[in-house]
Every structure is written in C-alpha cells, then in structure tokens.
Amino acid sequence: NYYYNREDHMDTVLEELADLKENYEKVNEFFKDKESYSQDALKDAGISDTEMSDYADYNLGMNIKKGLEDHGEIYFTAEA
C-alpha cells in the first residue's frame, strides 16, 4: 500500500520525474509509431530493461503527480 500527500511528497515526486525523464523520452520516441513491440525490437533500438523500467516508473509518477495536484493526496496498492 502506498500513500502520498502533496505537502510531504510532491517535491520528491518531481525530483524522481526529472531523473526518469531522459529514459522516458527515449522509450516514448520508440513507441511513437508502434502498436506493439518485442524484446528483439527493443534490443535493436538500443533500449535496455532499465530504460523500460524507467518508462513505466515515469508514467506511474505522472499519475501520482496528477493525483496530488487534483486531490492533495493519493493512496494505491501495487505489487512489487
């Protein structure tokens, strides 16, 4: 279970998003003209597992940021 509130967590969320942005943009560019992908296609494009993980983390972080902006807090459950 995860709980974030604007006062205690927004700065950290913004810092993490900034750290992840470069890898997010690289992977996002790869996906621009694709409806699906394979591990081989990722390898051919030079996209690592870490970059894919950062892409997913960035998307989650943007959802957390939006929740904090819209509601002041966010609570969710996720598997590790």
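- Atom NZ of residue Lys66 and atom CD1 of residue Ile64 lie 14.0 Å apart, to the nearest 0.5 angstrom.
- Pairs engaging residues 16-44 under the ring-ring contact (aromatic ring centres under 6.0 Å, His included) rule: Tyr24-Tyr55, Tyr24-Tyr58, Phe31-Tyr37, Phe31-Tyr55 [sequence neighbours left out].
- How far CG of Leu17 is from OG1 of Thr12: 11.0 Å, rounded to the nearest 0.5 Å.
- Here the CD atom belonging to Gln39 is positioned 6.0 Å from the CG atom belonging to Asp49, to the nearest 0.5 angstrom.
- The ring-ring contact (aromatic ring centres under 6.0 Å, His included) check on Tyr75 picks up nothing, with sequence neighbours excluded.
- Atoms CG and CD1, from Asp54 and Ile47 in turn, are 12.0 Å apart once rounded to the nearest 0.5 Å.
- Ion pair Glu69/Lys65 flagged as a salt bridge, since at least one NZ, NE, NH1 or NH2 atom sits closer than 4.0 Å to an Asp/Glu carboxylate oxygen.
- The minimum heavy-atom distance linking Leu68 with Arg6 is given by the pair O-NH2, 2.7 Å.
- A distance of 10.5 Å separates CG of Asp57 from CG of Asn23, quoted to the nearest 0.5 Å.
- Annotation: Asp44, atom CG; neighbour count of heavy atoms from other residues, nucleotides and ligands within 6.0 Å is above 12.
- In the displayed structure, Lys43 atom NZ is contacted under 6.0 Å by at most 12 heavy atoms of other residues, nucleotides or ligands.
- Annotation: Glu25, atom CD; neighbour count of heavy atoms from other residues, nucleotides and ligands within 6.0 Å is above 12.
- Between Lys32 and Glu29 there is a salt bridge, since at least one side-chain N of the basic residue sits less than 4.0 Å from a carboxylate O of the acidic one.
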